[in-house]
Amino acid sequence: MTNSLIVHKDSSHEGIAHIYTNIGMDGNGVFVGNALFTAAHVVAHSENFGVFGKNYTTKSAVCYFDDDYWYKKVLRILSFTIFGWHFNDFAMYEANSHSSFNFSSNLPSVNDVLETYSIKDEVKKQGNSQCHNIFSTINMSQLVTHVDSAKVLYIKGNYIFCEMNEMLEKGRSGCPLIKGNKVYGILRGGDDKRICWFQSSVSILKRLQELYIRVKY
């Protein structure tokens with residue numbers, strides 16, 4: 001499996017969204033049809049957030065589910081014993097997007113190799129490190145798209161567990177698990193062994209259907 005970096009030049013690049021909240025948290029999202037989707041915990045504690053210059057109010061979500069937050073608060077010890085991996089962690093916002101992405105109505109198979117695209121605002125120092133002048137180095141900020149391979153290990157409840165080529169750092173929650181123009185999941189979390197879990201598109205579509213919400217492609 002391989003990974004690569006792309007300097008992010010186009011705000012509509014691949015339909016991937018970089019999210020920056022009013023409390024300084026970084027995250028990701030994906031434009032699917034006429035909507036923006038992200039992991040709910042990315043924006044959970046903020047009043048608003050920006051995506052490529054457009055501001056969204058957190059409470060303006062078409063739908064918002066951060067079940068895991070409440071499970072951990074109310075039943076911290078018993079949460080996974082009782083509810084397993086059937087909790088939801090996604091938010092949907094209306095967007096004037098023209099994304100070619102759409103949710104897959106099928107789950108991937110074990111051993112399938114998919115990809116994740118995530119955007120991070122990276123600050124790099126440029127200048128002469130030999131010089132002690134405070135103006136000799138400049139902090140340059142740029143959005144960089146990380147492309148990583150994700151091998152499907154197993155599926156449990158609403159989540160697809162994948163082995164990543166690289167360990168994804170904080171700030172990448174909400175990024176999509178994709179193949180071609182199909183979105184198979186949205187990143188919820190990961191561990192220090194390069195294992196990440198994504199809420200599946202199948203479980204998201206099921207929850208939307210229960211609420212009679214349609215995504216227009």
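Numbers here simply count residues along the sequence, with the first being 1. What you see is a predicted model; the values in this text were computed from it and never measured.
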For the side chain of [X] and the backbone of [Y], is there at least one donor-acceptor N/O pair under 3.5 Å apart?
X      : Y      : value
Ser173 : Val42  : no
Ser200 : Ser203 : yes
Ser201 : Ser104 : yes
Thr57  : Lys59  : no
Asp89  : Ala40  : yes

Determine the minimum heavy-atom distance between [X] and [Y], stating which atoms define it.
X      : Y      : value
Ala150 : Thr116 : CB-CG2, 4.4 Å
Gly157 : His86  : CA-CE1, 3.5 Å
Ser46  : Asn22  : CB-OD1, 3.0 Å
Val32  : Asn102 : CG1-CA, 3.7 Å
Pro176 : Gly29  : CD-O, 4.3 Å
Ile155 : Pro108 : CD1-O, 3.5 Å

Any side-chain heavy-atom pair from [X] and [Y] closer than 4.5 angstrom?
X      : Y      : answer
Ile23  : Met25  : yes
Leu153 : Ile195 : yes
Tyr93  : Thr58  : yes
Ile160 : Leu177 : yes
Thr38  : Asn28  : no
Gln209 : Arg214 : no

- [ ] Step by step, work out the side-chain contact (heavy atoms from CB on, under 4.5 Å) result for Cys162 and Lys151.
- [x] CA-CA 5 Å; Cys162 297; Lys151 181 179 179 180; 6.0 Å; no

is_close_aromatic([X], [Y]), centroid dist under 6.0 Å:
X     : Y      : result
Phe90 : Phe198 : no
Phe87 : Tyr159 : yes
Phe37 : Phe103 : yes

(request) Please report the C-alpha distance between Asp148 and Glu115 in whole Å, then the side-chain angles of each, then the deciding distance to 0.1 Å, and finally whether the side-chain contact (heavy atoms from CB on, under 4.5 Å) criterion is met. (result) CA-CA 6 Å; Asp148 200 4; Glu115 289 185 321; over 6 Å; no

No-hydrogen, no-angle side-chain donor-acceptor test under 3.5 Å, Asn88 and Gln199
yes

Answer yes when Asp26 and Lys120 have at least one side-chain N-carboxylate O distance shorter than 4.0 Å, and no when they do not. yes

(Q) Between Glu163 and Arg194 (salt bridge meaning N to carboxylate O under 4.0 Å), is one present in this structure? (A) yes

Quiz item: Should the pair Lys182 and Tyr184 be classed as cation-pi, given the thresholds of under 6.0 Å to the six-membered ring centre and 45° from the axis?
Solution: no

